[in-house]
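Note that these values count all heavy atoms, side chains included, but never hydrogens, waters or copies made by symmetry. Below, read A as the first sequence line, B as the second, and so on, with proteins coming before strands; counting in each chain starts at 1.
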2 protein chains.
Amino acid sequence: MTPDLNIDKLDLQIIQQLIHDAGLSYAEMGKKLFVSAGTIHVRIKKLQDAGIIQGQRFQVDLKKLGYDVIAFIGIYLEKSSLYDTVARDLKKIPEIVRMNYTTGNYSIFAEIVCKDIGQLRTVLHDELQKIKGIERTETFISLEESLNRSVSITS
Amino acid sequence: MTPDLNIDKLDLQIIQQLIHDAGLSYAEMGKKLFVSAGTIHVRIKKLQDAGIIQGQRFQVDLKKLGYDVIAFIGIYLEKSSLYDTVARDLKKIPEIVRMNYTTGNYSIFAEIVCKDIGQLRTVLHDELQKIKGIERTETFISLEESLNRSVSITS
DNA sequence: ATTGAAAGAGTCTCAGT
DNA sequence: ACTGAGACTCTTTCAAT
């Protein structure tokens, strides 16, 4: 399925750079990695075509935009077979930004971003309670985000 | 502290675009929002200077690079006053990509990205156990990531 | 596969409105 | 505060190695 590519050391160095800061020009990155801008260009195109690199997004300071509340929600399902329908319903809530099907206590682990506690309460109390198949939820409000980085690509 | 800026509707539309896809040129974005490329440029510069927009990162398909395991770790501390020192030690583990100080059951909520279960086991068993102040941990391995998007900026 | 150079496209600045 | 045009920089292509 995935085109079989030889990812060499240079590719990994480029990925490592792009994950952490996609702001450099090809010329600058080439200088850093001791190759020409053209080579960087060819490699990045290869990585994009292979779907390894997907697209760039700006990081935004959500607090400065008034989005003050990040919370994590552990969701217990009545039956785990309900995962697909519950997941589909959860996706419709715009405040929910991430969802993982997990082992352990909870069936679904979700992350939610809100403007304030009032909005969080509305989502938890009104939106989530409407969804069939959710047994109960546990909420962990983030008081401080002390780390948010990309994984370090080494080999 | 934060420079007091009038963030108008156009700014929000630009932010909304950049959060979800930073790949468009100023000219293309201008066409979409019915202003000139120069205006987009000025606005983005203003948002960057204010620290609202911070930098772009490429999204990477970690699975294709062999990073197959995402897990969430709930960490119980012996005393919550130990948060700072434990957080400092956790940051030194490169596999840990995110850390939040939270209300509820756990004191610290962390996210970890590994190549395989063996590496996860190593981090949990060797690295985490070395850190003073951690009482115990609970691990939730992600079997499927069904959603990972940016928050929708509306007003 | 990498390079260097030329062509094309994008960013950035600024005078005018 | 927005625009359009010019200067500048970056991306993209390509012939040569």
* Under 4.0 Å between a side-chain N or O of A:R43 and OP1 or OP2 of C:dA1? -> no

* Asked: How close or far is atom P of C:dG4 from atom CD1 of A:I40, stated in whole angstroms?
  -> 13 Å

* d(CD1, A:I44; C1', D:dC10) in whole Å -> 12 Å

* Structure fact -> Here the gap from A:Q16 atom CD to A:L33 atom CG, rounded to the nearest 0.5 Å, amounts to 10.5 Å

* **A:L10 CG to C:dT2 C1', straight-line distance once rounded to whole Å** => 11 Å

* Structure fact -> Among the nucleotides D:dT3, C:dT2, D:dA1, whichever has the atom closest to the side chain of B:S36 is D:dT3

* Roughly, in whole Å, what's the span from CD1 in B:I14 to P in D:dC2? -> 9 Å

Under 3.5 Å, which donor-acceptor pairs link side chains of residues 93-103 of chain A to any protein atom two or more places apart or in another chain?
from   : atom 1 : to     : atom 2 : distance (Å)
A:E95  : OE2    : A:Q119 : NE2    : 2.8
A:R98  : NE     : B:E145 : OE1    : 3.0
A:R98  : NH1    : B:E111 : OE1    : 2.7
A:R98  : NH1    : B:E111 : OE2    : 3.2
A:R98  : NH2    : B:E111 : OE2    : 2.8
A:R98  : NH2    : B:E145 : OE1    : 2.9
A:N100 : ND2    : B:S142 : OG     : 2.7
A:N100 : ND2    : B:E145 : OE1    : 3.2
A:T102 : OG1    : A:Y106 : O      : 3.2
A:T103 : OG1    : B:I141 : N      : 3.0

* State which residues pass side-chain contact (heavy atoms from CB on, under 4.5 Å) with A:D126; sequence neighbours excluded, sorted by chain then number. => A:T122

* Asked: Quick one: does A:I153's side chain get under 4.5 Å of A:V151's, heavy atoms only?
  -> yes

* Roughly how many Å is it from CD in A:Q56 to C1' in D:dC10, rounded to a whole number? -> 13 Å

* Quick one: is B:T39 getting a side-chain N or O under 4.0 Å of the D:dA1 phosphate, OP1 or OP2? -> no

* Structure fact -> To the nearest angstrom, the CG-C1' distance between B:L33 and D:dC2 comes to 14 Å

* **B:L18 CG - C:dT11 C1' separation (whole Å)** => 15 Å

* To do: Only counting residues at least two apart or in another chain, list the ones meeting side-chain hydrogen bond (donor to acceptor under 3.5 Å, both in side chains) with B:S146.
  => A:Y83

* Sequence neighbours left out, what passes ring-ring contact (aromatic ring centres under 6.0 Å, His included) with A:F72? Give chain and number order. => B:F109

* To do: Give the B/S/- string for nucleotides 11-17 of chain D, one per nucleotide from 5' to 3', where a protein heavy atom under 4.0 Å of the base yields B, of only the sugar-phosphate yields S, and otherwise -.
  => SSB----

* To do: Please state how far atom NZ in A:K31 lies from atom C1' in D:dT9, giving the value in whole angstrom units.
  => 13 Å

For a quick test of your reading: what N or O donor-acceptor pairs under 3.5 Å do the side chains of residues 56-63 of chain B make, sequence neighbours left out?
from  : atom 1 : to    : atom 2 : distance (Å)
B:D61 : OD1    : B:K63 : N      : 3.2
B:D61 : OD1    : B:K64 : N      : 3.3

